Amino acid sequence: MDIQAATIPAGDASEPEVAGFDPPPDEGVQRCLQLLADAGLRPTRQRLALGQLLFLHGHRHVTAESLYDEATAANAYLSLATVYNTLNQFTEAGLLRRIAADGIKSFFDTDTSVHPHFYLEGEDVLVDVTDGLTFTRVPQALPGYEIVRLDVIVHLRRKRAT
Ligand SMILES: [Zn+2]
């Protein structure tokens, strides 16, 4: 397949001639608008601001507090309650997966597939397990129930110096 022809529609003079250079400044906003539209969410100012922090930088694990700090640093001027509400709306719309790692603290994962995590106790950090995890036996569901998913969080702490 001719990749140039596939990515740059013929006759559209507004398209860049060469791919791979800096995208136009509004490309991230466009991607966010599309993401929100696909999820059935209205593109409010706070959803766009947080969506750009969340969805344009690969897979991420955030808490409401860590995202609030990022939004503040980016001059988004959103309250912590707004950040929390927006994260919940994104989760309900299927854009995020909520992971309860430690008591009341929730992480929000932009990778909504089911996958195992390491939780770094005392550091409030959640990262993906990337070197594989195998189950030799999954228990039968209770009578009348079916298994929805299997969440695995491996809790880690730093080794103590000996
Ligand atoms: Zn993850």
Side-chain angles (χ1 to χ4, degrees), residues 7 19-20 22-23 25-142 145-161:
T7 54
D22 285 345
D26 63 340
E27 196 206 343
V29 176
Q30 294 297 335
R31 277 171 59 197
C32 267
L33 285 169
Q34 190 61 53
L35 209 72
L36 293 175
D38 290 346
L41 292 172
R42 267 190 320 115
T44 61
R45 182 183 73 86
Q46 51 264 44
R47 286 175 184 160
L48 263 182
L50 296 178
Q52 286 180 80
L53 292 173
L54 283 168
F55 302 122
L56 302 180
H57 311 283
H59 287 312
R60 307 196 55 201
H61 306 92
V62 303
T63 62
E65 290 77 14
S66 74
L67 189 63
Y68 169 76
D69 288 344
E70 277 186 51
T72 302
N75 298 322
Y77 304 114
L78 302 173
S79 70
L80 181 58
T82 297
V83 172
Y84 203 80
N85 288 339
T86 306
L87 283 169
N88 283 331
Q89 291 159 2
F90 284 171
T91 302
E92 282 165 24
L95 294 173
L96 295 173
R97 196 158 77 92
R98 183 204 309 272
I99 297 162
D102 187 30
I104 58 168
K105 172 140 290 183
S106 283
F107 285 85
F108 295 86
D109 195 340
T110 60
D111 180 354
T112 56
S113 71
V114 175
H115 57 279
H117 291 97
F118 285 127
Y119 175 63
L120 279 51
E121 288 193 349
E123 299 174 40
D124 259 355
V125 172
L126 192 75
V127 294
D128 290 339
V129 172
T130 54
D131 68 348
L133 184 70
T134 307
F135 292 99
T136 54
R137 185 177 171 277
V138 175
Q140 288 283 318
L142 293 173
Y145 291 84
E146 61 183 359
I147 293 174
V148 180
R149 66 169 189 264
L150 190 63
D151 281 331
V152 175
I153 300 174
V154 182
H155 290 240
L156 301 181
R157 69 173 172 224
R158 284 194 189 278
K159 288 183 181 175
R160 296 191 175 90

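Remember, it's a predicted structure, so these values are computed and weren't measured experimentally. Counting starts at 1 for both ligands and their atoms, in listed order.
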Inset, instruction - Decide yes or no on salt bridge (charged side-chain N to carboxylate O under 4.0 Å, His left out) for Arg31 and Asp26, but give the supporting numbers first. - result: CA-CA 9 Å; Arg31 277 171 59 197; Asp26 63 340; over 6 Å; no

N/O donor-acceptor pairs under 3.5 Å from side chains in residues 154-161, not counting sequence neighbours:
from: His155; atom 1: ND1; to: Glu121; atom 2: OE2; distance (Å): 2.9
from: Arg158; atom 1: NE; to: Glu123; atom 2: OE2; distance (Å): 3.3

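- When ring centroids are compared, Phe90 and Phe55 come within the 6.0 Å threshold.
- Take Ser106 and apply the side-chain contact (heavy atoms from CB on, under 4.5 Å) test, not counting sequence neighbours, and it matches Arg98, Phe108.
- The side-chain heavy atoms of Asp38 and Leu95, taken from C-beta on, include no pair separated by under 4.5 Å.
- For the Zn ion (ligand 1), the count of nearby protein N/O/S atoms, taking only those under 2.8 Å, is 5.
- Residue pairs that meet the salt bridge (charged side-chain N to carboxylate O under 4.0 Å, His left out) test with at least one member in residues 56-80, sequence neighbours left out, are Arg60-Glu70.
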